Amino acid sequence: MRLILLGPPGSGKGTQANMLKEKYDIPHISTGDILRAEIKKKSKLGLKTKKIMDSGKLVNDNIVLGIIDKCIETGECKIGFILDGFPRTIVQAESLKQSLEKRKIKLNKVINIIVSDEEVVKRISGRWTCKNCGDIFNTYTKPEQEKGKCDKCSGKLYQRNDQKEDVVRDRLKVYKKQTQPLIDFYKKEGNLVDINGLLPINKVFKKILKVL
Ligand code: AMP
């Protein structure tokens, strides 16, 4: 199974990708997670990309293409893959297309998860994570009992820079300008399927399974 999950930030791509990974036992490749891990390691790549990621803009195509090429070239992705957060630009989509054609690999589906702007803002800017145990709260859907403190371990709750409301709105602008054109790109390729991302997580998952 070879899939791309498309959709704005906060549309639930990561959640669905994790569920699909369990179901099909194939790697979940999230370029955002890979880049965040580099930042945590304070690697050269992490230091180079931190500022741009904090601002909600996209990192350079060549950096991301390097990461993806490595993943596709290694055995890990031979059995299939779920791409989450990649491609995000037409340049990336064209490059992936060439890379797959070279290896005579075909994509099964491109799942386009649709969610409104206001829902995206609510989901991301409402999200708070415990510094200590990693538990996640949401101001709108799962508020903590004591403001700023984790219910489980009393750890301090924090928000990543790119989860702040103004940055989320910038990320949406970037999505519309640079990533939304991929919807037409994959429509032309003939393998795009729209999924309503406003439904509960399990219903979204069922709908995805139905089209696979
Ligand atoms: P995500 O967790 O997928 O929302 O990604 C977080 C951030 O990582 C994005 O806002 C970008 O700065 C960067 N990023 C992740 N994937 C890509 C990509 N395919 N192209 C460019 N930048 C990316």
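Heavy atoms only: backbone and side chains are in, while hydrogens, waters and symmetry mates are out. Everything numeric in this text was worked out from a predicted model, so none of it was measured. We count ligands from 1, going down the list as the structure has it; atoms in each ligand are counted the same way.
Rounded to the nearest 0.5 angstrom, I67 CD1 and F86 CZ are separated by 9.5 Å. Here I72 contributes atom CD1 and K78 contributes atom NZ; the two are 11.5 Å apart, rounded to the nearest 0.5 Å. The distance from atom CZ of F137 to atom CG of L157, rounded to the nearest 0.5 Å, is 6.0 Å.
Of the heavy atoms in V64, only side-chain atoms (C-beta onward) come closer than 4.0 Å to ligand 1. At a heavy-atom cutoff of 4.0 Å, ligand 1 is contacted by both the backbone and the side chain of L58. In K57, the part holding a heavy atom less than 4.0 Å from any atom of ligand 1 is the backbone.
Of the residues listed (I124, V121, D170), the one engaging E165 in a side chain to side chain contact (heavy atoms under 4.5 Å, CB included) is V121, and it is the only one.
Residue-ligand proximity, Q92 to ligand 1, at heavy-atom distances under 4.0 Å covers atoms 18 (C), 19 (N), 20 (N), 21 (C). Counting atoms of ligand 1 from 1 in the listed order, those under 4.0 Å from a heavy atom of R171 are 4 (O).
Counting only residues at least two apart or in different chains, salt bridge (Lys or Arg N to Asp or Glu O under 4.0 Å) contacts with residues 183-196 comprise K97-E189.
Considering only non-hydrogen protein atoms, atom 14 (N) of ligand 1 sits nearest to L35 CD1, 3.7 Å. For atom 16 (N) of ligand 1, the nearest non-hydrogen atom of the protein is T31 OG1, 2.8 Å. From the protein, the heavy atom lying nearest to atom 8 (O) of ligand 1 is M53 CE, 3.2 Å. Of the protein's non-hydrogen atoms, the one nearest atom 22 (N) of ligand 1 is V59 N, 3.1 Å. Atom 6 (C) of ligand 1 has as its closest protein heavy atom R36 NH1, 3.5 Å. Considering only non-hydrogen protein atoms, atom 3 (O) of ligand 1 sits nearest to R88 NH1, 3.0 Å.
In this structure, D117 pairs ionically with K176, as a charged nitrogen and a carboxylate oxygen lie closer than 4.0 Å.
Ligand 1 is never approached by K13 to a heavy-atom distance shorter than 4.0 Å.
With no hydrogens or angles considered, a side-chain donor-acceptor pair links D61 and Q92 at under 3.5 Å. No hydrogens or angles considered: nothing links the side chains of T89 and Q178 as a donor-acceptor pair under 3.5 Å.
In this structure the side chain of L3 never reaches within 4.5 angstrom of the side chain of F81, judged on heavy atoms.
Looking at G85 next to ligand 1, an N or O pair under 3.5 Å apart turns up.
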